[in-house]
Amino acid sequence: MTRRLPLLINGEFVASHTDQWIPVTNPATQAVLCEAPAATAGEMEQAIASAKAAFADWKEVPVSERARLMLRYQALLKEHQEEIAEILSQETGKTFEDAKGDVWRGIEVAEQAANIASLMMGETMGNVARSIDSHSWTQPLGVCAGITPFNFPAMIPLWMFPLAIAAGNTFVLKPSEQDPMTPNRLAELFQQAGAAPGLLQVVHGGKEQVDTLLTHPDIKAVSFVGSVPVGQHVYRTATEHLKRAQCFAGAKNHMVIMPDAKKEQVISSLVGSSCGAAGQRCMAISVAVFVGDSKAWIDELKDEFAKIRPGAWNDPDAAYGPQISPQAKQRVLTLIKQGKEEGANCLLDGSECTVDGLPDGNWVGPTLFSGVTPDMSIYREEIFGPVLCCVTVDTLEEALELVNNSPYGNGTSIFTACGAAARKYQHEVEVGQVGINVPIPVPLPFFSFTGWKGSFYGDQHAYGKQAVRFYTETKTVTSRWFDSDIPAAGPNMSINLK
Ligand code: NAD
């Protein structure tokens, strides 16, 4: 019988009583790996109630004890990195090396959560008025919720719950129903690290379970990562219900190539950053903007694209894996078809891609378009496949105008040997994460993940200091002690404080 994934409620992995089970498949073979439950309304209620009850104790636990839990957790994650990557690569189709990277980028955030004491420290000022001092504290919010996408089933849950819990909150995680085995393994290791029952709950399901979290009065803050339409729905619903929300959404990332850039670096970076993980990364480069004479490199780019091929997660020669589902593959194929119909030049078409021995995989071969213009669907839509659109412009100013007109603002790169061009680009571009001669600028966890515009709804971003602000309230205390004969305060503001 197919394995059924449990829920994590109040520190126990429990079998769901649902009658709705969601098959989780290996996207290279369509083999069913397990079934995930769509948690019932009662199970959702139990998870939230358990998180609420656990918060009462956890918020009083000293910060260094909370930090030590994260130290133990990150050590366990490191010990089990390869085993988690193996689960991850089977349910996502990512190559094993890429899967290890997904886990590693999450471990780094858990590691950062162990620094929670210094991250949560407030401010003090003596003598804000005569004999009066002020200090501020940060205190946790209560029960926080996280809703995560399929494309980073280790890294993105780990962006959320370790920092939220280290800050003194409790957490309900609703992972993607497409690859829930990895988050469940992360949760098992969290319990093994010594987490008290109720600190972390894992519930499975889709829209119905998400909507429960967005509207439940005991959930104080919602972190979401996923597509634009769902992100907008989550942000609107959560804030309408007076919750804090941070929603990271879709992207269309441009790389600007100046004619003085190093050609070999440009070409290898474009291949890796557009096709890696089958283009299913929110920081993938999906548009290459060739400035001036650099357009002459497109032919060589095509040759390099033609050399790579997708394959199974355990194939060491595969450059990347399949699309997550047959529906995702179909969406990519439809956009490739539209690109051709709308007049783009398809230099390499991966629509008919097959992989020996794996006829049922959701394969799309590397696909390269030139002559792309901003009115085309392949330019406007997030394709989320191994497809790169080449655009040509004459000047850096034109490139900046193009990028700044995009509704998205997740990430961008410029490749150049000129400091002045790099300075101008980083200063004027309206995108939240910029790489200079670096293709995928995902910031390390002591910074924050700072997407802008249509790629982010909210104000405080993921991980780093911003996440700690997101998961805490600031309390400012002003105090005065009567050890002198200063007269008591009267009715007028400040008048007795001089
Ligand atoms: P998705 O929006 O389909 O799903 C994300 C989560 O929302 C899942 O947990 C899913 O169960 C839930 N969900 C789906 N439909 C829902 C609905 N109607 N109402 C409420 N909840 C719903 O996203 P995905 O396909 O899993 O992930 C890919 C998307 O995520 C891409 O658009 C990608 O750019 C984006 N992404 C963005 C970032 C970022 O940092 N900006 C990072 C990773 C992925």
Side-chain angles (χ1 to χ4, degrees), residues 20 22 24 27 36-39 44 91-92 94 102 105-106 109 145-160 172-180 182-183 202-215 222-238 245-253 277-286 323-325 327-329 331-332 335 362 381-385 406-412 431-433 440-443 447-458 461-464 466-467:
Q20 291 172 50
I22 307 161
V24 177
M44 292 298 294
E91 63 178 347
T92 61
K94 284 189 188 190
D102 185 335
R105 295 307 302 262
V109 184
I147 298 140
T148 54
F150 80 82
N151 67 331
F152 284 100
M155 179 183 82
I156 293 181
L158 290 170
W159 278 6
M160 297 179 183
V172 183
L173 176 68
K174 204 304 285 170
S176 170
E177 63 278 35
Q178 298 192 84
D179 45 19
T182 304
V202 182
V203 290
H204 294 290
K207 178 174 169 49
E208 192 182 319
Q209 289 67 25
V210 170
D211 286 347
T212 301
L213 297 172
L214 302 181
T215 52
V222 174
S223 302
F224 167 88
V225 181
S227 61
V228 168
V230 182
Q232 290 180 345
H233 163 72
V234 168
Y235 190 71
R236 286 201 187 102
T237 315
Q246 51 170 202
C247 298
F248 299 84
K252 196 84 193 175
N253 304 314
Q280 299 172 117
R281 289 183 184 140
C282 65
M283 291 295 265
I285 295 291
S286 48
Q323 304 309 119
I324 190 69
S325 64
Q327 295 77 6
K329 172 180 170 175
R331 194 175 164 276
V332 176
L335 278 156
N362 311 318
E381 302 265 323
E382 183 184 40
I383 302 176
F384 232 51
S406 166
Y408 297 107
N410 219 31
T412 187
V431 173
Q433 300 172 102
I440 312 180
V442 177
F447 291 93
S448 294
F449 189 92
T450 54
W452 281 15
K453 299 200 288 190
S455 298
F456 178 66
Y457 306 98
H461 290 85
Y463 60 81
Q466 293 201 24

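As the structure lists them, so they are numbered: ligands from 1, and atoms in each ligand from 1.
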Participant: So does Thr450 get a backbone contact from the side chain of Gln433, meaning a donor-acceptor N/O pair under 3.5 Å?
Facilitator: yes
Participant: Looking at atom 32 (O) of ligand 1, tell me if a protein heavy atom falls under 4.0 Å from it.
Facilitator: yes
Participant: Hey, looking at atom 11 (O) of ligand 1, which of Met283, Lys207, Glu177, Gln280 has the closest heavy atom?
Facilitator: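 That would be Glu177.
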Participant: Just which atoms of ligand 1 are under 4.0 Å from any heavy atom in Ile147?
Facilitator: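 Answer, ordered by atom number: 6 (C), 7 (O), 9 (O).
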Participant: Provide the number and element of each atom of ligand 1 under 4.0 Å from a heavy atom of Val210.
Facilitator: 20 (C), 21 (N)
Participant: Heavy-atom contacts under 4.0 Å between Phe456 and ligand 1: side chain, backbone, both, or neither?
Facilitator: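 Near ligand 1, Phe456 shows nothing, with every heavy atom at 4.0 Å or more.
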Participant: Classify the contact between Val228 and ligand 1 as side chain, backbone, both or neither, using a heavy-atom distance cut-off of under 4.0 Å.
Facilitator: neither
Participant: Does ligand 1 come near enough to Gln178 that some N or O of the ligand is less than 3.5 Å from an N or O of the residue?
Facilitator: no
Participant: Test your reading of the model: is there a side-chain donor-acceptor pair from Gln209 to the backbone of Ala39, 3.5 Å cut-off?
Facilitator: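 Judged by distance alone, yes, a pair lies under 3.5 Å.
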Participant: Parallel, tilted or perpendicular, judged at 30° and 60°: which one describes the rings of Trp159 and Phe248?
Facilitator: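 Perpendicular.
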Participant: For Phe152 and Arg281: C-alpha separation, side-chain torsions, deciding distance, then whether side-chain contact (heavy atoms from CB on, under 4.5 Å) applies.
Facilitator: CA-CA 8 Å; Phe152 284 100; Arg281 289 183 184 140; 3.8 Å; yes
Participant: Taking Asn253 for the side chain and Ala284 for the main chain, is one N or O donor matched with an acceptor at less than 3.5 Å?
Facilitator: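 Side chain of Asn253 to backbone of Ala284: a pair is present.
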Participant: A side-chain contact here means heavy atoms from C-beta on lying under 4.5 Å apart; do Phe224 and Leu214 qualify?
Facilitator: no
Participant: If you have a sec, work out which protein heavy atom is nearest atom 40 (O) of ligand 1 and how many Å separate them, to one decimal?
Facilitator: Phe449 CE2, 3.1 Å
Participant: Donor-acceptor check, side chain of Ser455 to backbone of Gly250, threshold 3.5 angstrom: yes or no?
Facilitator: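 It does hold such a pair.
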Participant: Side chain or backbone of Val234 under 4.0 Å from ligand 1, or both, or neither, by non-hydrogen atoms?
Facilitator: neither
Participant: Please confirm whether Ile156 approaches ligand 1 to less than 4.0 Å, judged on its heavy atoms.
Facilitator: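 Within the 4.0 Å threshold, so yes.
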Participant: Write out the residue and atom name of the closest protein heavy atom to atom 16 (C) of ligand 1, then the distance separating them to 0.1 Å.
Facilitator: Val230 CG1, 3.6 Å
Participant: Enumerate the atoms of ligand 1 whose separation from the nearest heavy atom of Cys282 is less than 4.0 angstrom.
Facilitator: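 So the answer, numbered in order with elements, is 34 (O), 36 (N), 37 (C), 38 (C), 39 (C), 40 (O), 42 (C), 43 (C), 44 (C).
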Participant: With the threshold set at under 4.0 angstrom, would you say Phe152 reaches ligand 1 through any of its heavy atoms?
Facilitator: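 So Phe152 does not count as touching ligand 1.
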Participant: With side chains defined as the heavy atoms from C-beta onward, is the minimum distance between Pro153 and Thr92 less than 4.5 Å?
Facilitator: yes
Participant: Find out whether Phe449 and Gln246 are in side-chain contact, i.e. whether some heavy atom of one side chain is under 4.5 Å from a heavy atom of the other.
Facilitator: no
Participant: For ligand 1, is there an N or O atom under 3.5 Å from any N or O atom of Asp211?
Facilitator: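 Checking ligand 1 against Asp211, no N or O pair falls under 3.5 Å apart.
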Participant: Tell me the protein heavy atom at minimum distance from atom 26 (O) of ligand 1, and give that distance in Å.
Facilitator: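 Its nearest protein heavy-atom neighbour is Phe150 N, 3.0 Å.
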Participant: At what distance is the nearest protein heavy atom to atom 2 (O) of ligand 1, and which residue and atom is it?
Facilitator: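 Atom 2 (O) of ligand 1 sits closest to the protein heavy atom Ser227 OG, 2.6 Å.
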Participant: Hey, is Glu382 touching ligand 1 through its side chain, its backbone, both or neither, going by heavy atoms under 4.0 Å?
Facilitator: side chain
Participant: So, taking the atom named CD in Glu177 and the one named CZ in Phe150, what distance separates them when rounded to the nearest 0.5 Å?
Facilitator: 11.0 Å
Participant: So, taking the atom named CE in Met283 and the one named CG in Asn151, what distance separates them when rounded to the nearest 0.5 Å?
Facilitator: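 Result: 12.0 Å between the selected atoms.
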Participant: Starting from atom 27 (O) of ligand 1, find the nearest protein heavy-atom neighbour and note its residue, name and distance.
Facilitator: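 Heavy-atom neighbour on the protein nearest atom 27 (O) of ligand 1: Pro149 CB, 3.3 Å.
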Participant: Would you indicate whether the side-chain heavy atoms of Tyr457 and Arg236 approach each other to under 4.5 Å?
Facilitator: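 Contact flag for Arg236/Tyr457 side chains = no.
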Participant: So is there a nitrogen or oxygen of Gly226 less than 3.5 Å from a nitrogen or oxygen in ligand 1?
Facilitator: yes
Participant: With heavy-atom distances below 4.5 Å as the criterion, would you say the side chains of Pro407 and Lys453 are in contact?
Facilitator: no
Participant: Is ligand 1 under 4.0 Å from a heavy atom in the side chain of Ala249, in the backbone, in both, or in neither?
Facilitator: backbone
Participant: Does Gly451 reach ligand 1, in the sense of a heavy atom lying below 4.0 Å from it?
Facilitator: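 Not so, Gly451 does not reach ligand 1.
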Participant: What do we get for Phe384 next to ligand 1 when only non-hydrogen atoms under 4.0 Å count, side chain, backbone, both or neither?
Facilitator: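 It is the side chain that gets close, since no backbone atom is under 4.0 Å.
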Participant: Measure the distance from atom 7 (O) of ligand 1 to every protein heavy atom, then report the residue, atom name and distance (to 0.1 Å) of the closest one.
Facilitator: Phe224 CE1, 3.5 Å
Participant: Judged by atom type as modelled, is there a donor-acceptor pair below 3.5 Å linking the side chain of Lys174 to the main-chain atoms of Ala145?
Facilitator: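 Between the backbone of Ala145 and the side chain of Lys174 there is no qualifying donor-acceptor contact (under 3.5 Å).
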Participant: Given that the side chain starts at C-beta and the backbone is N, CA, C, O, which of these parts of Val225 lies under 4.0 Å from ligand 1, counting heavy atoms, or is it both or neither?
Facilitator: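 For Val225, the contact with ligand 1 is made by both the backbone and the side chain.
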Participant: Within a distance under 4.0 Å of any heavy atom of Ser176, pick out the atoms of ligand 1 and give their elements.
Facilitator: 9 (O)
Participant: Quick one: nearest non-hydrogen protein atom to atom 44 (C) of ligand 1, plus distance?
Facilitator: Asn151 OD1, 3.3 Å
Participant: Any idea which part of Arg281 is under 4.0 Å from ligand 1, heavy-atom wise: side chain, backbone, both or neither?
Facilitator: neither
Participant: Look only at interatomic distance and state if Trp159 has a nitrogen or oxygen under 3.5 Å from any nitrogen or oxygen of ligand 1.
Facilitator: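 For ligand 1, there is no N or O atom that lies under 3.5 Å from one belonging to Trp159.
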Participant: Of the protein's non-hydrogen atoms, which lies at the shortest distance from atom 8 (C) of ligand 1, and what is that distance?
Facilitator: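 The closest heavy atom on the protein side is Thr148 O, 3.3 Å.
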Participant: With no hydrogens and no angle check, is any side-chain donor or acceptor of Asn362 less than 3.5 Å from a backbone partner on Lys329?
Facilitator: no
Participant: Distance only, no hydrogens: is a donor on one side chain within 3.5 Å (strictly under) of an acceptor on the other, for Ser286 and Glu382?
Facilitator: no
Participant: Are the side chain of Lys252 and the backbone N or O of Glu381 linked by a donor-acceptor pair below 3.5 Å?
Facilitator: yes
